[in-house]
Amino acid sequence: MRTDPWESGPAYERYMGRWSRLVAARFTEWLAPPEGLSWLDVGCGTGALSTAVAEGCRPRTLLGVDRSEPFVRAATLTVGGGARTAFAVADAMALPVRDASCDVAVSGLTLNFLPEPAAGAAELVRAVRPGGGTVAAYVWDYGDGMAFLRHFWDAVATVDPAAAVALDEGRRFALCRPERLHSLWTEAGLTAVTTAPIDVRTVFADFADLWDPFLAGQGPAPGYVASLTPGDRDRLRTAYAESVPHEPDGSIDLTARAWAVRGVRRTSPARWTGQAGRSGRAW
């Protein structure tokens with residue numbers, strides 16, 4: 001199990017958080033929940049989805065949990081909501097909540113980093129009330145829909161083919177497809193399961209705006225960049241710059257797709273009987 005680095009809230013924000021926030025707002029619009037519900041955000045990171053819930057859904061309560069203490073600190077500082085919002089360091093595979101204690105359990109950009117996604121899904125289901133509790137999540141489409149990462153790993157393939165085969169997120173994260181998400185939700189005992197794509201623009205002012213966040217080492221691709229020698233890093237930078245389309249003003253205008261899934265807990269959830277391992281993602 002590869003362990004990806006998740007240690008700096010500001011670095012993550014510049015690399016991925018700015019795009020995750022766009023998806024999170026669209027995701028909560030897609031859920032269209034009533035106001036006054038009790039929410040749980042699992043793998044809350046720096047607070048992208050929690051912010052969207054706090055600002056757009058008027059929750060009665062909101063608890064965000066993540067295994068990365070620096071990310072939890074960042075979320076605590078940036079997410080509004082006052083006394084009704086709280087954050088805690090906790091594992092997605094062993095949530096610190098009572099059974100059926102929430103109305104909605106959500107997770108953004110999280111499931112693919114779990115060693116046992118079915119165990120994580122079972123925990124989400126356990127947390128919501130039977131008879132209508134909602135469980136929903138979204139993950140990046142690393143295979144086809146995440147353009148700036150697709151260009152990145154295609155560039156890696158030209159300078160370090162073995163690393164591209166081993167580390168390309170499109171290969172690592174097969175869960176990030178609607179069919180797999182639908183199956184995961186139905187196998188967890190949820191009903192009325194639906195999936196939907198969420199597309200957002202990822203506009204970079206210039207190539208430095210695209211490349212520099214990869215140097216901070218937060219996440220799979222930046223973690224790989226951090227492992228390179230200066231010479232190999234320069235070769236990758238050149239290949240990457242040549243692979244992405246540039247607008248006349250030097251900007252780079254791409255798109256990113258996430259796949260969202262939601263379902264409803266009608267009865268008691270299916271019990272997970274596998275062995276829950278230590279997560280590769282920093283919760």
Side-chain angles (χ1 to χ4, degrees), residues 1-24 43-51 64 66-79 87 89 108-110 112-113 139-140 142 146-157 159-160 163-164 166-170 172-173 176 200-244 246 250-254 256 258 279-283:
M1 174 65 65
R2 177 180 172 84
T3 300
D4 301 301
W6 309 100
E7 300 168 347
S8 170
Y12 176 81
E13 277 294 302
R14 190 176 179 200
Y15 170 60
M16 193 63 72
R18 52 179 166 168
W19 315 123
S20 175
R21 290 179 184 277
L22 298 179
V23 173
C44 66
T46 54
L49 181 50
S50 289
T51 296
D66 197 288
R67 275 190 62 186
S68 168
E69 185 175 353
F71 280 16
V72 168
R73 287 199 303 267
T76 302
L77 291 172
T78 60
V79 179
F87 294 92
V89 177
L109 310 181
T110 297
N112 43 278
F113 290 99
V139 292
W140 289 125
Y142 289 109
M146 193 63 169
F148 77 85
L149 281 175
R150 184 72 274 130
H151 283 290
F152 174 84
W153 289 113
D154 288 348
V156 173
V159 298
D160 190 357
L167 304 178
D168 185 334
E169 288 146 290
R172 285 181 62 195
F173 301 137
C176 300
V200 298
R201 290 175 67 197
T202 56
V203 182
F204 303 88
D206 51 29
F207 183 71
D209 188 32
L210 170 60
W211 173 251
D212 288 354
F214 282 88
L215 304 178
Q218 295 302 294
Y224 165 71
V225 172
S227 73
L228 298 176
T229 66
D232 288 341
R233 193 176 303 127
D234 288 344
R235 283 188 285 275
L236 174 57
R237 184 187 189 282
T238 298
Y240 193 20
E242 292 174 349
S243 74
V244 294
H246 293 74
S251 65
I252 300 169
D253 191 345
L254 301 172
S279 172
R281 164 71 154 87
W283 305 121

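- Inter-residue side-chain proximity for F173 and V139 is flagged as unmet; no heavy-atom pair is nearer than 4.5 Å.
- The aromatic rings of F214 and F152 lie parallel to each other, their planes meeting at an angle below 30°, with 60° marking the opposite boundary.
- Contact annotation: the side chain of L77 never approaches that of F87 to less than 4.5 Å [non-hydrogen atoms, C-beta and beyond].
- Closest heavy-atom contact between V156 and A163: CG1-CB, 4.3 Å.
- Rounded to the nearest 0.5 angstrom, D154 CG and S243 OG are separated by 7.0 Å.
- Nearest heavy-atom pair, A216 versus A11, reported as atom, atom and distance to 0.1 Å: CB-CB, 3.6 Å.
- Checking side-chain atoms of R150 against main-chain N and O of Y142 turns up a donor-acceptor pair under 3.5 Å.
- Scored by the side-chain contact (heavy atoms from CB on, under 4.5 Å) test, A239 finds A155, T158, V159 as partners (sequence neighbours excluded).
- For T110 against G43, the heavy-atom pair with the smallest separation is OG1-O, 3.6 Å.
- Contact detail for A164 and D168: the closest heavy-atom pair is O-CB, 2.9 Å.
- Residues L215 and R233 meet the side-chain proximity criterion, which asks for heavy atoms closer than 4.5 Å.
- Here R237 does not pair with D212 in a salt bridge; the nearest charged N to carboxylate O distance is not below 4.0 Å.
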Point to revise | side chain to side chain contact (heavy atoms under 4.5 Å, CB included) between L236 and V225, intermediate numbers included | key: CA-CA 9 Å; L236 174 57; V225 172; 4.2 Å; yes
Exercise for review: Might you work through the side chain to side chain contact (heavy atoms under 4.5 Å, CB included) test for W211 and V244, ending with a clear yes or no?
Suggested key: CA-CA 11 Å; W211 173 251; V244 294; over 6 Å; no
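- Using a 4.5 Å heavy-atom threshold, the side chains of V200 and R21 count as separate.
- Looking only at side-chain heavy atoms (C-beta outward), S50 and V79 come within less than 4.5 Å of each other.
- The shortest side-chain heavy-atom distance between D232 and D160 does not fall under the 4.5 Å cut-off.
- Going from atom OH of Y240 over to atom CG of L210 covers 3.5 Å, rounded to the nearest 0.5 Å.
- Taking the six-membered ring where the residue is Trp, F71 and Y12 present tilted rings, their angle falling between 30° and 60°.
- Among all heavy-atom pairs drawn from G108 and L49, the shortest one is N-CD2, 3.9 Å.
- Using bins of under 30°, 30° to 60° and over 60° for the plane-to-plane angle, the ring pair F148/W19 lands in the tilted bin.
- Nearest heavy-atom pair, A75 versus G45, reported as atom, atom and distance to 0.1 Å: CB-O, 3.7 Å.
- Note: F207 and H246 have tilted aromatic rings, judged against thresholds of 30 and 60 degrees for the angle between ring planes.
- Looking at R18, its side chain does come within 3.5 Å of a backbone N or O of R14 through a donor-acceptor pair.
- Looking at heavy atoms from C-beta onward, W140 lies out of side-chain contact with E169 at the 4.5 angstrom threshold.
- Using a 4.5 Å heavy-atom cutoff, the side chains of T78 and T46 are not in contact.
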